[in-house]
*Asks:* 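Below you will find the structure I want to go over with you.
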Amino acid sequence: MATLVPPPTTPPPAPAAEAVKPEKVDYMDLPCPIPYEEIHREAMMSLKPDHFEGMRVDFTKGLNQKFSLSHSIVMGPMEVPSQSAETIKIPTANYEFGANFIDPKLMLFGRVYTDGRLSARVKCDLSENLIMKANAQLTNEPHMSHGMFNFDYKGTDYRTQFQLGNGNLLGASYIQSVTPHLSLGGEVFWTGQHRKSGIGYAARYNTDKMVASGQIANTGMVALSYVQKVSEKVSLASDLMYNYMSRDVTASFGYDYILRQCRLRGKIDSNGCTSAFLEERLNMGLNFLLSAEIDHKKKDYKFGFGLTVGE
Amino acid sequence: MSSKVVLKAKGKSTKGSKPSDDNSTSKLLKEWSTWTIKKAKVITHYGFIPLIIIIGMNSDPKPSISQLLSPV
């Protein structure tokens with residue numbers, strides 16, 4: 001019997017050819033964009049490390065893969081808001097106890113201070129695409145506590161978020177990937193207490209080497225940022241914040257060195273403020289922090305040192 | 001001429017027209033929701049950290065109480 005000759009199979013397309021020629025953009029298969037509130041993420045991380053003044057020691061003790069307790073001592077001058085142009089600082093010492101529980105589906109983060117304040121964060125994955133986050137700062141003083149709930153839905157190439165906060169705060173935001181490198185988004189919010197509502201737009205363009213993002217809101221805020229990754233270890237960032245209602249503008253330039261044993265971030269501001277932040281890994285689980293912020297205009301000099309023990 | 005003294009009985013001031021049912025239910029709802037939010041705030045304030053500790057102590061591998069309390 002004559003065997004059927006199988007039809008000649010087409011050879012599989014050579015995978016190397018795809019990398020050589022520019023990829024044809026598949027608009028149905030765009031990557032998921034960054035969440036709307038993190039649109040300036042790289043610039044924020046490089047230009048705004050958390051500077052502190054005085055001494056701080058953080059000790060994190062892990063009891064489990066998922067559960068850890070933390071003890072933290074902060075001693076230093078704290079700024080007190082005052083009517084005069086001078087900044088008034090009062091030396092304070094605070095102890096803070098915290099507990100964290102980190103699970104792929106549920107994350108709980110709580111911190112309680114010696115003055116009775118509680119700061120709590122909850123992140124819960126209700127389903128694969130729906131995430132609920134809650135954030136609260138509770139104090140013993142009446143009317144000084146706030147809380148906020150966020151519901152995030154992640155689609156294939158878009159994200160939406162709905163926010164609900166105390167003081168009758170409602171907000172919603174949406175961000176969509178338009179090309180593999182560009183994503184555009186918008187947000188609306190409404191505060192019941194101050195009877196204000198606002199709408200804002202944001203855009204973010206990123207490649208492997210740079211990230212440029214811009215945001216504009218009808219409250220008068222315009223924020224633009226640009227981060228260039230000069231090499232694996234060095235990146236430079238710049239940021240412009242302009243408020244067209246109050247005609248207030250601030251520009252800052254900074255650098256971020258991520259080296260094997262340390263991370264050094266420094267920046268200079270158009271308000272006459274220069275600052276630097278160093279985190280050095282002395283040993284496994286032992287980090288040394290140095291923070292310096294010099295404000296030449298206000299003549300406010302803040303220097304701090306600290307130690308972080310534990311992962 | 002005798003002045004007439006008119007004694008006005010001081011009655012309890014009523015809230016104008018009788019309150020309609022809608023007003024009372026929305027008022028009740030507002031009061032009830034304010035009461036729940038106040039209670040929820042107190043419960044969260046005192047109970048959030050113990051809740052995290054209880055959830056953490058029950059996750060596996062189970063840590064022991066001595067690990068919780070010792071400073072090392």
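Lettering of chains follows the sequences in order, A, B, ..., and the numbering in each one begins at 1.
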*Asks:* Counting heavy atoms not belonging to A:F59, are there more than 12 under 6.0 Å from its CZ?
*Replies:*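 Check passes, neighbour count above 12.
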*Asks:* So for B:L68, is it side chain, backbone, both, or neither that comes closer than 4.5 Å to the heavy atoms of chain A?
*Replies:*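 Contact with chain A is through both the backbone and side chain of B:L68.
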*Asks:* Taking all heavy atoms of B:I53 and all of A:A99, pick out the closest pair and write down the distance.
*Replies:* CG1-CB, 4.4 Å
*Asks:* So which heavy atom on A:S145 is nearest to which on B:K41, and how close?
*Replies:* OG-CE, 3.0 Å
*Asks:* Grab the two heavy atoms, one from B:F48 and one from A:G110, that are nearest each other, plus how far apart they are.
*Replies:* CE2-CA, 3.9 Å
*Asks:* Would a distance-only check, ignoring hydrogens and angles, find a side-chain to backbone donor-acceptor pair under 3.5 Å from A:K66 to B:D60?
*Replies:* no
*Asks:* Among A:N166, A:V122, A:T139, which residue has the highest count of heavy-atom pairs closer than 4.5 Å to chain B?
*Replies:*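 Of the options given, most contacts go to A:T139.
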*Asks:* Side chain from CB out, backbone as N, CA, C, O: work out which of these in A:L69 comes under 4.5 Å of a heavy atom of chain B, or both, or neither.
*Replies:*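 The side chain, not the backbone.
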*Asks:* Sort A:D103 into side chain, backbone, both or neither according to what part of it lies under 4.5 angstrom from a heavy atom of chain B.
*Replies:* neither
*Asks:* Tell me, do B:S59 and A:Q65 make a side-chain contact under 4.5 Å, heavy atoms counted?
*Replies:* no
*Asks:* Find the one option among A:F101, A:F109, A:F97, A:F67 whose heavy-atom pairs under 4.5 Å with chain B are most numerous.
*Replies:*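 The candidate making the most pairs under 4.5 Å is A:F67.
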*Asks:* Taking atom CE of A:M75 as the centre, does the number of heavy atoms from other residues, nucleotides or ligands within less than 6.0 Å exceed 12?
*Replies:*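 No, because the 6.0 Å sphere around CE of A:M75 holds 12 heavy atoms or fewer from other groups.
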*Asks:* Find out whether B:Q67 and A:N64 are in side-chain contact, i.e. whether some heavy atom of one side chain is under 4.5 Å from a heavy atom of the other.
*Replies:* no
*Asks:* Does atom CD of A:E128 have more than 12 heavy-atom neighbours, drawn from other residues, nucleotides or ligands, at distances under 6.0 Å?
*Replies:* no
*Asks:* Where does B:S64 contact chain A at under 4.5 Å (heavy atoms): side chain, backbone, both or neither?
*Replies:* neither
*Asks:* Can you name the closest pair of heavy atoms from B:I49 and A:L118 and give their distance?
*Replies:* CG1-CD1, 3.8 Å
